[in-house]
A.B. asks: 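My questions all concern the structure below.
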Amino acid sequence: MDVFLQTLVAGILKGGLYALIGIGMTLIMGVMGIINLAHGQLMMLAMYVTFVLNTMGVDPYIALFVAMPLLFLLGVTIQKFLLNPLIKADTILPENQVLMTVGIGMVLTEIVRFIFSSDYKYITTSYSNQTFYLGNISFSSALTIAFGIAIAFTVAMFFFLLKTDLGRSIRATAQDKDAATLMGVNTGRITVITFGLGAGLVAAAGCLLAPVYYIFPDLGGPFTAKAFIITILGGLGSTVGAIFGGVTLGLAESMGATYFGMEYEDIIGLTIFVLVLLFLPGGFKRLTKI
Amino acid sequence: MKKNFLPLAFVALVAGLPLVMKDNYYLHLMILFMMWVVIGSAWNLIAGYTGQVSFGDAAFFGCGAYTAGLLAHHFGVSTWWGLALGGFTAVAVGLPFGWICFRMRGAYFALATLALNEVLRHGATIAEKFTGGMVGILIMPSFMSKIPYYYIALAMAVASLASLQLVVRSKPGYYFVSIREDQDAAESLGINTHLYKMLSLAYAAFWTGIAGALYMNYMGFIDPNVVFNLHDISIMAILVGIVGGVGTVYGPAVGAFVMVTVQEMFRSGFFGLFKWLGAVSGSAGLVKVAEVLTQAHVLGFGILVVLVILVLPNGIVGDWPKIRKHVFRLGTGA
Amino acid sequence: MKGTVGKAFVVVAAILSLFVAASAGIAAETVKVGVLLPLTGSQAKFGEIEKRSYEMAAEEINAKGGVNGRKIELLFEDDTGKPDVGRSGVEKLIAREKVPVITGGYSSSVTAAAAPVAQQFKVPFVICTGSADDITEKGYDYIFRINPPASEYPNSVKSFLQGVAKDVKTAALLYENSAFGQSSSKSFEEDAKGLGLKILVKEGYQAGAIDFKPILTKVKAANPDMIYMVSYVMDASLLMRQSKELRINPKLFVGGGAGFTLPEFAKSAGDAADGVYSATLWVETLPFPGAREYFDKFKKKYGSETEYHGAEAYAAMYVVADALKRAKSITPKDVRDALAKTDMKTAFGPVKFVSYDKKTQQNKLDTYMVQWQKGVLEAVWPKSVATKTYIYPTPPWDKRK
């Protein structure tokens with residue numbers, strides 16, 4: 001029983017972090033219909049920002065308020081100067097944008113490698129190794145805080161999209177770009193803001209992950225993969241779906257690791273991904289309608 | 001006849017190259033170039049002509065390589081048998097995959113191919129007893145000289161280009177393009193789009209698998225990370241296709257040449273040019289430049305990717321009119 | 001117009017001839033040694049340590065007169081951690097640079113892919129780190145290896161279990177899914193069979209996992225006497241941190257080389273690293289001539305720490321130089337023959353290439369056990385080289401201060 005409960009707790013806590021990584025991707029995919037294959041790399045960048053600030057004595061949770069705006073600006077720049085021009089270009093394949101994100105991801109990784117080398121960096125805080133226990137079940141303090149913050153961000157995002165004008169415009173663009181343009185939404189501007197928001201949110205995930213994990217230039221790839229699995233699971237553009245998707249993936253990985261074997265962790269995620277694509281296209285969004 | 005003159009002359013030139021070029025290093029680069037011609041033109045059929053962008057070419061490449069490797073490893077069969085069979089294994093993996101996943105469109109299909117590759121990579125890592133896991137498969141290459149490999153690769157490249165030309169000028173070729181342009185319209189015209197997409201995928205998987213088997217023969221070593229590699233194989237295949245020209249027959253050949261050259265150029269610090277200049281001039285600054293350049297070679301490569309997509313979204317062959325216009329203008333202006 | 005072209009030609013020709021003269025001048029004086037290492041990419045950290053060690057050794061040798069008066073010139077070839085690049089690197093060294101001998105070889109897969117090239121072209125290759133067993137099991141007569149193969153890394157652990165931890169009856173085995181991880185775990189399983197050790201949990205994982213709690217929970221439930229881990233530095237640190245979180249209390253935590261001996265491991269794992277054992281090939285406190293001197297000199301010269309990989313490279317340079325000095329002529333064939341007769345003492349230990357079991361031209365070395373005690377890595381086993389006594393069994397987490 002303890003084994004099951006501990007696995008459950010580990011999966012849910014990890015899932016909270018995954019949700020935060022997934023929200024940014026789901027917004028970008030929902031609004032622009034492109035897959036951002038540089039998503040994990042943006043998170044990696046935020047983790048390095050956190051690391052640099054930490055060497056100056058700034059706590060990772062405070063660094064969040066620096067990393068988020070920085071990454072927002074970077075996201076805005078990328079969308080405005082690198083991705084939007086491609087929409088206008090006359091090309092045979094629409095996937096040029098996706099490829100562009102691959103190129104951007106490579107450039108980000110290599111710039112970071114150039115500056116910081118491939119060495120592993122780590123942030124040790126007073127709470128990195130801290131744990132509390134409920135019965136026999138251990139909770140890592142840092143992951144629990146991260147889970148709380150991730151949920152808070154997600155809920156805030158949800159209301160932002162539902163209640164504010166900007167949020168409504170983003171949702172309108174996601175549902176039908178042409179219609180939104182006709183209704184007077186400046187969709188060009190919306191895509192720029194959305195990419196910025198996506199980058200900012202994944203930056204938050206990076207700051208929360210930094211104290212419990214470690215940092216190296218190549219860490220982006222696997223997280224990009226997780227982000228798109230979560231997005232497909234949850235449904236494009238759905239923040240609630242992202243929470244579901246994140247926690248489902250976290251749980252599936254943990255349960256799989258305990259009851260199948262840890263080497264199957266990634267295969268389990270990918271299998272779920274393909275199954276959802278085939279049998280529940282549209283993801284959880286189809287069931288929850290939000 | 002006149003139209004075919006240029007490619008034929010080029011093939012003759014390449015075929016004669018080993019007679020004058022004795023340096024193994026350049027022959028090695030040429031073999032890689034020809035391997036990429038095969039992979040690039042296969043990718044171009046499925047993505048450039050049929051419009052189903054694959055992000056998982058490495059899956060087929062790896063299947064071919066592992067077919068050759070495993071046959072040699074378990075049964076002591078010559079890896080040259082693998083060269084014949086590798087393509088069929090890749091097709092055997094590709095068809096069921098296509099049957100299931102061609103229900104998805106656009107970016108979703110691309111993601112599914114990516115997932116296929118990851119599953120195969122992890123699978124090959126975990127199935128240690130069968131594949132050797134990450135320890136990989138090591139065989140002794142059959143020839144010491146590069147010349148046999150050179151001509152085998154050349155034959156493959158020519159065959160793949162010729163078959164591509166045949167296919168795109170045939171009826172299925174036109175169906176492929178119609179699927180790319182508008183799948184629903186193609187369907188309403190009575191084209192079985194699912195079937196033709198699978199045909200296209202089978203062709204691409206076949207040639208990519210053969211290229212993988214050639215890699216096993218030539219390199220003599222594979223492990224899951226080498227052949228099922230997203231960056232080095234899948235993305236490289238896309239770049240070869242895009243840089244050369246999407247939806248053109250000779251585009252990937254041009255793309256393969258450019259990409260292999262550029263990659264090596266960055267890796268070797270412009271073929272040692274800066275190091276050489278530094279040594280000649282005795283300037284420490286230039287030596288430093290050479291060091292920095294080689295350290296940042298992947299960065300240079302990445303920047304190039306971004307620039308190419310931004311400036312030449314249809315590739316060198318596809319945007320040739322645009323390039324010519326600009327160069328021409330520059331010429332008259334100066 | 002013609003004039004300028006002519007002038008340009010003269011300039012180019014002058015530069016070219018200068019270059020040719022310069023390179024010819026160098027060639028007459030130096031002995032070229034090719035070195036294959038990962039200098040960029042994810043393994044660059046160790047490639048850098050090894051490169052510096054090679055350079056340091058070469059400088060020392062050159063300062064003492066080089067190879068019979070000729071200076072050693074190192075030609076580094078970057079394998080970027082990829083087998084295919086490594087192969088073409090070796091080809092380039094042989095075909096273009098015409099080196100009489102190659103050394104280096106960091107990762108198992110790159111080394112395994114590069115060795116046949118050297119063998120086919122009959123140029124001796126002195127491997128310093130690549131540890132996959134089968135590299136020296138193919139009967140290659142031009143391949144020499146200084147470091148022990150991966151399967152021998154746990155030898156010291158075996159003798160420790162026989163000599164001290166006799167009450168350890170069960171074990172859990174966690175390993176990274178890499179060439180090194182998979183082959184070490186296999187040999188540990190075989191050793192365990194010989195020792196009558198029961199393996200309760202055996203799990204491979206992909207390097208870079210965030211959360212090891214699921215498998216650690218499983219390990220905790222199985223309650224083994226010992227946990228044997230083959231992990232790279234940061235996974236090692238996470239494994240120990242999370243073991244502490246879950247309060248897993250085996251009698252022994254043992255790392256199978258790789259990441260557990262690095263200073264980064266102890267720094268990032270903090271107090272969770274305390275008491276952890278690791279198998280290792282070398283520590284600077286070993287009684288080999290020049291071991292301590294190498295360690296101190298490296299630290300002074302480069303301002304960073306070195307470890308067993310660096311010592312391997314440093315020793316490899318001396319072995320190569322020794323063979324070059326003894327060779328009848330500086331040709332691959334004669335250098336190979338000289339290498340086969342190598343019998344010397346280095347900072348990494350005695351080097352002599354012998355054949356045993358299936359292996360040929362393999363240097364046979366002892367391995368050692370080290371333990372982290374209060375943030376310091378101490379040699380604890382065998383007793384003859386110990387700097388501190390081992391702490392066994394490891395105290396349970398909640399009993400620690």
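Per chain, numbering begins at 1; letters A, B, ... match sequence-line order.
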A.B. asks: Testing the basics here: between A:Ile272 and A:Ala252, what is the closest heavy-atom pair and its distance to 0.1 Å?
C.D. replies: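 Nearest pair, atom of A:Ile272 first, then A:Ala252: CD1-CB, 3.4 Å.
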A.B. asks: Given a strict heavy-atom distance threshold of 4.5 Å, which part of A:Ile232 is in contact with chain B: side chain, backbone, both, or neither?
C.D. replies: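 The side chain, not the backbone.
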A.B. asks: Shortest non-hydrogen contact from B:Ser234 to B:Ala58?
C.D. replies: OG-N, 3.1 Å
A.B. asks: Is chain B contacted by the side chain of A:Leu37, its backbone, both, or neither, given a heavy-atom distance below 4.5 Å?
C.D. replies: side chain
A.B. asks: Specify which of B:Leu114, B:Ile309, B:Val305 makes the most heavy-atom pairs with chain A at under 4.5 Å.
C.D. replies: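 Most heavy-atom pairs under 4.5 Å with chain A: B:Ile309.
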A.B. asks: Select one option (side chain, backbone, both, neither) describing which atoms of A:Val102 are under 4.5 Å from chain B's heavy atoms.
C.D. replies: side chain
A.B. asks: Does any heavy atom of chain B fall under 4.5 Å from the side chain of A:Leu82, the backbone, both, or neither of them?
C.D. replies: both
A.B. asks: Checking heavy atoms, do the side chain of A:Leu83, its backbone, both or neither come under 4.5 Å from chain B?
C.D. replies: neither
A.B. asks: Quick check: closest heavy atoms across B:Phe228 and B:Gly62, and the distance to 0.1 Å?
C.D. replies: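 Closest approach of B:Phe228 to B:Gly62, heavy atoms only: CE2-CA, 3.5 Å.
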A.B. asks: Using a 4.5 Å cut-off on heavy atoms from C-beta on, say whether the side chain of A:Asn36 contacts that of A:Met25.
C.D. replies: yes
A.B. asks: Does any heavy atom of chain A fall under 4.5 Å from the side chain of B:Ile100, the backbone, both, or neither of them?
C.D. replies: both
A.B. asks: Please state whether the side chain, the backbone, both or neither of B:Ile235 comes within less than 4.5 Å of a heavy atom of chain A.
C.D. replies: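 When you check distances to chain A, only side chain atoms of B:Ile235 fall under 4.5 Å.
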A.B. asks: Indicate the atoms forming the closest heavy-atom contact of B:Ala42 with B:Tyr203, along with that distance.
C.D. replies: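 Taking B:Ala42 first and B:Tyr203 second, the nearest heavy atoms are CA-CE2, 4.5 Å.
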A.B. asks: With a 4.5 Å cut-off on heavy-atom pairs, point out which of B:Val119, B:Thr125, B:Leu304, B:Ile126 contacts chain A the most.
C.D. replies: B:Ile126
A.B. asks: What residues of residues 253-270 of chain A sit under 4.5 Å from chain B when only non-hydrogen atoms are counted?
C.D. replies: A:Glu263, A:Tyr264, A:Asp266, A:Ile267, A:Leu270
A.B. asks: Could you tell me which non-hydrogen atom of B:Ala59 sits nearest to which non-hydrogen atom of B:Leu116, and how far apart they are?
C.D. replies: CB-CD2, 3.9 Å
A.B. asks: Report yes if the side chains of B:His231 and A:Met106 come closer than 4.5 Å at any heavy-atom pair, otherwise no.
C.D. replies: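 Of all side-chain heavy-atom pairs linking A:Met106 with B:His231, at least one is under 4.5 Å.
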A.B. asks: Does a donor on one side chain sit under 3.5 Å from an acceptor on the other, for B:Ser54 and B:Asp57?
C.D. replies: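 A donor-acceptor contact under 3.5 Å links the two side chains.
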A.B. asks: Write down the atom of A:Met43, the atom of A:Val202, and the distance for their closest heavy-atom approach.
C.D. replies: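 Closest heavy-atom pair between A:Met43 and A:Val202: CG-O, 3.6 Å.
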A.B. asks: Would you compute the distance between atom CG of B:Leu230 and atom CE of B:Met236 and round it to the nearest 0.5 angstrom?
C.D. replies: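 So the CG of B:Leu230 and the CE of B:Met236 are separated by 13.5 Å.
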